[in-house]
Protein chains: 2
Amino acid sequence: MSPTRIPEATVARLPVYLRALNSLLEREIRTCSSEELASAAGVNSAKLRKDLSHLGSYGTRGVGYDVEYLRYQIAREIGLTQDWPVVIVGIGNLGHALANYSGFSSRGFRTVALLDADAARQGELVAGLKIRPFTELSAIVREHGVAIGVIATPAAAAQSVCDHMVDAGIRSVLNFAPTVLTVPPEVDVRMVDLSSELQILAYHEQRKSAPASPDPTLDPEVVA
Amino acid sequence: MSPTRIPEATVARLPVYLRALNSLLEREIRTCSSEELASAAGVNSAKLRKDLSHLGSYGTRGVGYDVEYLRYQIAREIGLTQDWPVVIVGIGNLGHALANYSGFSSRGFRTVALLDADAARQGELVAGLKIRPFTELSAIVREHGVAIGVIATPAAAAQSVCDHMVDAGIRSVLNFAPTVLTVPPEVDVRMVDLSSELQILAYHEQRKSAPASPDPTLDPEVVA
DNA sequence: TAGATTGTTAATCGATTAACAATC
DNA sequence: TAGATTGTTAATCGATTAACAATC
């Protein structure tokens, strides 16, 4: 069905296009050009068309794209037409926020269990789910066919949690703990590193404040 | 001081190297080879050496890198030797988690204010800071010299919050709201999209389950 | 000196972009 | 048909990787 392998950079942008299409639909826009959709997604139209060309030919020359139809095709390509049961491990502040995050539940993702190693927190109700002991992980994975695990534990616990996830059969991990995870090659890990993001901004910000020379006392000589 | 402009892909990895170096230091490892550091950072050693070569020549051939010295050089390059006052806007579940996230405060970042538009929440104490009205944004930015703003509001509010941040003089924005932000060219926006990350995992997971043909009923014919 | 490891070169690979032929 | 816009081509750009000369 998919013509060829889709480039990684394109895959990473498909969710953005999907969101842009949803936003157009909310405004009851039925058809859009690559220019309009690209603008809504924050990319240029050449890149958008190139990206979409990897999925197939879902537009009409001279007309544009049917918003609803394109949305379905992208959702199907990503795999959002099926159900994705998810477990979240580590229900601290961040795990709590993730459990309540509507963006997870809105698309095919369904949080089936919240796990925490802390005995004191067990039974507590978060986002309509009871916190369960981490030891139940493999039973839960088996019961619900969980393929995706989210790690929101402290860094020190993350590798061990990840190892248990892999043992339980999970092959896709979203890691919020600030540590590099080692996994077998068949397992995918994506890392969301809040502190890295701030650091990357700081790097560029620093360069803005001192555009030409880091040492202002040198400037007169450069000019002279 | 910096020899040339550092490639964007390299900048994005510097925080990872920094973290790996910190972890080596915690284990009291004073010196490391590019091979060891690369392994701790989850990259290959050729990439690591190439990345570091953009910063300067901080290793010793035949010996390796002094962990403490390299850490300082990377921190300086990113700009972490200076103080970065940050404001967080939108203190829901996620904003709450961000305010408490130690990874922010640990490096040069200092959360100076938590803002929320909801009058009912104002005065509430989160992570040792009182939630203040959003209207105080520009006064706070001026007072503390805030250069980085974090948006953790619902999507509907994000663009307006961002516009106010830009008006107040903020030129670096970390956006957790699931929406594309439009900003003037001098402003940097980084987006952390939790739902996108799950979708990218789902795409790859889908491909793992059905490696050859998406429709199993076609397989016999293909084989025959 | 011999062994080890960096920093750099050059080749390869993948992503972006502009331009335009195809076609509605 | 004329105007609009896609899907594709080809050129450019940037990132990755392996190999190795430089050098501790």
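Where Cys32(B) and Lys50(B) meet DNA chain C, the nucleotide closest to each residue was compared, and Cys32(B) sits on the side nearer the 5' end.
Phosphate contact (OP1/OP2 of dC24(C), side-chain N/O of Tyr65(A), threshold under 4.0 Å): absent. Between dT16(D) and Arg13(B), a contact under 4.0 Å exists linking OP1 or OP2 to a side-chain N or O. In this structure, Ser34(A) does not reach the dT5(D) phosphate: none of its side-chain N or O atoms is under 4.0 Å from OP1 or OP2. Side-chain N/O atoms of Thr60(B) include none lying less than 4.0 angstrom from OP1 or OP2 on dC24(D).
Residue contacts for Ala9(A): at a heavy-atom cut-off of 4.0 Å it reaches the sugar-phosphate backbone alone, with no base atom in range. Nucleic acid contact class of Glu35(A) (heavy atoms, under 4.0 Å, all strands): none.
Below the 3.5 angstrom threshold, one finds a donor paired with an acceptor across the side chain of Arg49(B) and the base of dG7(C).
Shortest non-hydrogen contact noted between Phe176(A) and Ala152(A) is CB-CA, 4.4 Å.
Tyr58(A) pairs in a ring-ring contact (aromatic ring centres under 6.0 Å, His included) with only one of the listed residues (Tyr65(A), Tyr72(A), Tyr69(A)), which is Tyr69(A).
Looking at heavy atoms from C-beta onward, Val187(B) lies out of side-chain contact with Met165(B) at the 4.5 angstrom threshold.
Counting non-hydrogen atoms of other residues, nucleotides and ligands closer than 6.0 Å to CD of Glu28(B) gives a total of 12 or fewer.
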